[in-house]
Protein chains: 2
Amino acid sequence: MSLAIKDDEVDIVIGALRSDLTTFMNEWRPMFSRFHLIIVKDPDLKEELKIPEGFNLDVYGKPDIDQVVGSSTSILFSGYSCRYFGYLVSRKKYIISVDDDCLPARDPKGFLVDAVAQHISNLTNPATPFFFNTLYDPYAEGADFVRGYPFSLRGGVKCALSCGLWLNLADHDAPTQALKARQRNSRYVDAVMTVPAGSLIPISGINIAFEREAVGPALVPALKLAGEGKCRWETMEDIWSGLCVKVVCDHLGLGVKTGLPYIWRTDRGDPIASLKKEWEGVKLMEEVIPFFQSVRLPREATTVEECIVEVAKAVKERLGSMDPVFARAAKAMLDWIKLWQSVGSSSSRSSAV
Amino acid sequence: MSLAIKDDEVDIVIGALRSDLTTFMNEWRPMFSRFHLIIVKDPDLKEELKIPEGFNLDVYGKPDIDQVVGSSTSILFSGYSCRYFGYLVSRKKYIISVDDDCLPARDPKGFLVDAVAQHISNLTNPATPFFFNTLYDPYAEGADFVRGYPFSLRGGVKCALSCGLWLNLADHDAPTQALKARQRNSRYVDAVMTVPAGSLIPISGINIAFEREAVGPALVPALKLAGEGKCRWETMEDIWSGLCVKVVCDHLGLGVKTGLPYIWRTDRGDPIASLKKEWEGVKLMEEVIPFFQSVRLPREATTVEECIVEVAKAVKERLGSMDPVFARAAKAMLDWIKLWQSVGSSSSRSSAV
């Protein structure tokens, strides 16, 4: 069912939080080598990057970020958020983004999973957010819509975002990780599904893909915890950005999928040491989720940029007085939209290749 | 995590549409023999039932139905709807219902799936309808909630309905079945998930379980197609009833799960011959789904019976003039609630054992 897309319509964006990418790149070589890569070095990382030969890539570091966005705004792009600089400078239709502590997974039959091909399939086949299909992705080989599924909804809608999953180390928060330090995820669930419209989901940025031209501006680096560290469980930037994307997709009638592809996630960091920092993020979620569940965008907001500006306004208004982190997030969202427009990635596609 | 429940809290209800249940019963013996069975014979079926020895069961036929509900109402219980008579006369907390063309499935490792145990686990562990967990059932062994999932929602809510799936013959409608006559479902998706609140789902009655005391009256035999036959793809009774249950569960804050357990579904009937009949059901869905997506129950409706009465009123008001099938459905829903109360299965539990 998948539409053919050209290799040069895809950028693979990698945020480099550690300097030695040798193993990471070599393991991904069979899947990555056909595509253009954008590697963005965490501005806080001092050492030189070690990247093996044989890839078509551009590397961006702090000087590049400062030059494009100005040093006052470059704070947006520290830590895991460095990847968003790659989203900003890409001119491709699709972006795939994988954390640098991930390796290709194997399916239950032992075959390597081509995460890139699965993400592209997810994005180029329609999504079905308006009615649940019990046999999961109706467009998958050997699948279909079940009895009772209205024919008028079987065409689906454009899929804007594809969220993959993780084997081995799951994406827990620090308390859970500390409590279940030895627990590993070994359950391979062979399914892709559309997250229903109106339902929110904690989108992890570890292994995602999206149509940049459709929803790029909604992937926004905005929620930066005061004590944010360099472990995933010390961050909430992707969860926030995922809530923004989902709300915008629901408003604009676009789809979000979750499930395949899996990646293999290796250990990094000490969950016990992170516990102190992480509670900040865990506590914030108690305010953040009800906010996103109830926020409604005005009918006049018809572009992704307009939608994000509206979400930012509502964040400032309803959450701003609760915690300074929210006022900062609202400002970062507005800054991001200005950047997106000035750097020329606007969804108007005026300067898109 | 699962609470221990006693064997005598469960009724397994089987609607018998064919007379020879020998293979069916013998194959299910390892899972069924500990429990009490209610077998309801399709009132249209003339031959005697053949049921092997060694089960604890009660069999109900047309005379029993006539006696309990009166011969004018007994039409409600013809064909696949005969099972609902079993729901009506049961006095147990939980009901499991499996079509008589289903056999136990095997998981990818070749082990027989205990569908009864999985349904009980689904019903006795909480559901999480208010936020999606990307790693599916957070209460499954080796699973948990992912980063970003609010702690205040991790307790979940009561699960009222568990919908299992089908290997081999999928649950397609007649057009799909006719078009893809040789397609078989071989994808074993190792997951249970809560269907998010506000999202509707085409619930198939082939393989389900529910807490009768919590939502029994919402499983209502109401939508009977004019040309309804004795093949699943010629019916919509379960789809309608599933939409009723989901709307009621969303209103009352109860959960609905889908996924495991699988059963193995064998072929029955000629999809080509069914095509003419089935289009009626397929066409109705174009009106039925938007109705259920938009129906809102009044805050005063706090019991399942009250909710179904409200849905019936709305059906009569908004769909009644479109097609006589809807007016009949609305009336059947009201009849059903009266029956449920008079036969003493009311959720007030006044006469429940």
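Note that the structure is a prediction, hence the values are computed from the model and not measured. Below, chain A is the first sequence line, B the second, and so on; all start at residue 1. No hydrogens, no waters, no symmetry mates; every other heavy atom, side chains included, goes into these values.
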> Based on non-hydrogen pairs under 4.5 Å, which of A/L284, A/D144, A/N133 is most in contact with chain B?
Replying inline: A/D144

>> So for B/A197, is it side chain, backbone, both, or neither that comes closer than 4.5 Å to the heavy atoms of chain A?
In response: neither

> Distance from A/Q293 atom CD to B/F131 atom CZ, nearest 0.5 Å?
Replying inline: 7.0 Å

> Mind checking whether A/V282 and B/R147 have side chains closer than 4.5 Å, heavy atoms only?
Replying inline: no

>> Between A/F145 and chain B, with a heavy-atom cut-off of 4.5 Å, which part of the residue counts as in contact: side chain, backbone, both or neither?
In response: backbone

>> Using the rule given for side-chain contact (heavy atoms from CB on, under 4.5 Å), can you reason through A/M193 versus B/M193, listing the C-alpha separation, both sets of side-chain angles and the distance that settles it, and then say yes or no?
In response: CA-CA 11 Å; A/M193 79 187 61; B/M193 79 187 61; 3.1 Å; yes

>> So for A/T176, is it side chain, backbone, both, or neither that comes closer than 4.5 Å to the heavy atoms of chain B?
In response: side chain

> Would you call B/D173-A/R154 a salt bridge at under 4.0 Å N-O?
Replying inline: yes

> Which residue out of A/Q177, A/R184, A/E286, A/M285 racks up the most heavy-atom pairs below 4.5 Å with chain B?
Replying inline: A/E286

> Does any non-hydrogen side-chain atom of A/S199 lie less than 4.5 Å from one of B/S199?
Replying inline: no

>> For a side-chain contact (heavy atoms from CB on, under 4.5 Å) check, start with the C-alpha distance between B/Y149 and A/I239, then their side-chain angles and the critical distance, and finish with the verdict.
In response: CA-CA 9 Å; B/Y149 207 104; A/I239 304 293; over 6 Å; no

> What residue, out of B/A143, B/A170, B/P290, has the most heavy-atom pairs lying under 4.5 Å from chain A?
Replying inline: B/A143

> What distance do B/I201 atom CD1 and A/T134 atom OG1 have between them, rounded to the nearest 0.5 Å?
Replying inline: 6.0 Å

> Roughly how far, to the nearest 0.5 Å, is the NZ atom of B/K283 from the CZ atom of A/F151?
Replying inline: 11.0 Å

> Who wins among A/G142, A/S186, A/C163, A/G259 for the most heavy-atom pairs under 4.5 Å with chain B?
Replying inline: A/G142

>> So for A/L165, is it side chain, backbone, both, or neither that comes closer than 4.5 Å to the heavy atoms of chain B?
In response: side chain

> Which atoms of B/I289 come close to chain A, meaning under 4.5 Å heavy atom to heavy atom: side chain ones, backbone ones, both, or neither?
Replying inline: side chain

> Using non-hydrogen atoms only, which part of A/I203 is less than 4.5 Å away from chain B: side chain, backbone, both, or neither?
Replying inline: neither

> Taking A/V146, A/D171, A/L243, A/V288 one by one, which has the highest count of heavy-atom pairs under 4.5 Å against chain B?
Replying inline: A/D171

> Using a cut-off of under 4.5 Å for heavy-atom pairs, which of A/Q183, A/E141, A/K180 has the most such pairs with chain B?
Replying inline: A/Q183

>> Counting only non-hydrogen atoms closer than 4.5 Å, does B/Y188 touch chain A with its backbone (N, CA, C, O), its side chain (CB onward), both, or neither?
In response: backbone

>> At a heavy-atom distance under 4.5 Å, which candidate from A/F130, A/F132, A/W166, A/W240 has the highest pair count against chain B?
In response: A/F132

>> Less than 4.5 Å to any heavy atom of chain B: does that hold for the side chain of A/L200, its backbone, both, or neither?
In response: both

